[in-house]
Structures are given as structure tokens and as C-alpha cells.
Amino acid sequence: MPCRILITQDIKKQIGDLPGNVRTIARQAIANLANNPRPSQSKELAGHPEHYRMHISTKYRLVWRVSENENLIEVEYIGVKSPNIYKSLGLERPD
């Protein structure tokens, strides 16, 4: 059974701010998560079970959380990879 995907207004704005070609790739990648919440090109974030990241292009990242209990995927960030992206999301690597 496909997972539900939660996309907040903030994430919709982040998607809208992406360049056109990246926006198309991002929308498809998010839609694909419903049937495959952990694609082979994704990586689980160290110290944060259920949180994953994936390259959308060389400069852009998609970060999401998979909740098996709720059959839900929550998109948490989509945009430019910056040095403190994970820290701003509260998902920095543990010491």
C-alpha cells in the first residue's frame, strides 16, 4: 500500500523556488517516495532513524522522514545543500 506524503506550505514554497528543471525532478522524486520510501540512492541520516536524504541534482537535497506506524512520509526540506542544512532541521550528526 502506498504511503501518504505530507507536504506543508513551507515545502510547497521551497519547491516553487527551485529552478524549473530541478523542480520537475524534485516533484517526481517526492511522488516516487509513496511507493518506495527508501530508494537505493537515498541515505539514512546518522543518528536520526527514519530520516533520509537524497541528491536531487549536484546542488540540491531532499530530506524526509518515514513513519512506518502512520504509513506516512513527511517532506522536511527540499533546496540547496548548505553547510548547516541538517543543523537547521535539528538533524545534525551526533558527536
Side-chain angles (χ1 to χ4, degrees):
M1 181 162 103
C3 294
R4 294 178 297 127
I5 298 177
L6 176 63
I7 300 175
T8 64
Q9 289 297 329
D10 286 340
I11 297 300
K12 287 179 183 177
K13 181 175 180 345
Q14 289 175 11
I15 293 169
D17 290 343
L18 297 172
N21 62 326
V22 176
R23 186 179 321 125
T24 301
I25 295 167
R27 286 182 177 152
Q28 187 61 53
I30 291 168
N32 290 342
L33 292 175
N35 291 314
N36 186 7
R38 295 173 193 84
S40 61
Q41 67 270 33
S42 68
K43 292 188 179 182
E44 188 170 22
L45 296 179
H48 301 281
E50 301 185 339
H51 287 87
Y52 296 84
R53 69 164 170 86
M54 181 169 56
H55 298 269
I56 296 298
S57 73
T58 55
K59 293 183 355 182
Y60 297 90
R61 297 290 183 274
L62 170 62
V63 179
W64 69 96
R65 182 180 67 86
V66 177
S67 176
E68 292 291 337
N69 296 339
E70 300 173 31
N71 197 35
L72 178 71
I73 294 166
E74 182 178 357
V75 178
E76 296 189 347
Y77 176 80
I78 186 152
V80 175
K81 179 189 181 230
S82 65
N84 47 348
I85 176 181
Y86 302 110
K87 184 176 182 177
S88 69
L89 294 170
L91 298 172
E92 64 270 1
R93 289 180 186 230
D95 294 330

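What you see is a predicted model; the values in this text were computed from it and never measured.
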Kindly say whether Ile5 contributes a backbone atom to a donor-acceptor pair with the side chain of Trp64 at under 3.5 angstrom?
-> no
So CD of Glu74 and NE2 of His51: to nearest 0.5 Å the spacing works out to 7.5 Å
Which pair of non-hydrogen atoms, one from Cys3 and one from Pro37, has the smallest distance, and what is that distance?
-> SG-CG, 4.3 Å
Closest heavy-atom pair and its distance - Pro39, Ser42 = O-OG, 2.6 Å
How many angstroms lie between atom CZ of Arg4 and atom CD1 of Ile73, to the nearest 0.5 angstrom?
-> 10.5 Å
Treating Ile, Leu, Val, Met, Phe, Trp and Tyr as nodes and any side-chain heavy-atom pair under 4.5 angstrom as an edge, say whether Leu33 and Leu72 lie in one connected cluster.
-> no
To the nearest 0.5 Å, what is the distance between CZ (Arg65) and CD (Glu70)?
-> 6.0 Å
Taking all atoms of both residues into account, what is the closest heavy-atom pair of Lys87 and Glu92, and its distance?
-> CA-OE1, 3.3 Å
Criterion side-chain contact (heavy atoms from CB on, under 4.5 Å) on Leu45 and Tyr52, from CA distance to verdict | CA-CA 6 Å; Leu45 296 179; Tyr52 296 84; over 6 Å; no
Passes side-chain contact (heavy atoms from CB on, under 4.5 Å), Ile78 versus Ile30? Steps please.
-> CA-CA 10 Å; Ile78 186 152; Ile30 291 168; 4.2 Å; yes
Pairwise distance CD(Gln41) to CG(Asn36) - rounded to 0.5 angstrom = 8.0 Å
Enter the distance from Ile56:CD1 to Ile25:CD1 here, rounded to the nearest 0.5 Å.
-> 7.5 Å
Validation row: Thr8, Ile11 side chains within 4.5 angstrom (heavy atoms) = yes
Does the side chain of Gln14 pick up a donor-acceptor pair with the side chain of Asp10 at under 3.5 Å?
-> no
Give the intermediate values and the outcome of side-chain contact (heavy atoms from CB on, under 4.5 Å) for residues Glu76 and Leu91.
-> CA-CA 11 Å; Glu76 296 189 347; Leu91 298 172; 3.6 Å; yes
Side-chain donor/acceptor of Arg23 to backbone N/O of Leu18, under 3.5 Å = yes
Verify side-chain contact (heavy atoms from CB on, under 4.5 Å) between Met54 and Arg61, making sure each step is shown before the conclusion.
-> CA-CA 6 Å; Met54 181 169 56; Arg61 297 290 183 274; over 6 Å; no
Interatomic distance, Leu89 atom CG to Arg53 atom CZ [nearest 0.5 angstrom] | 13.0 Å
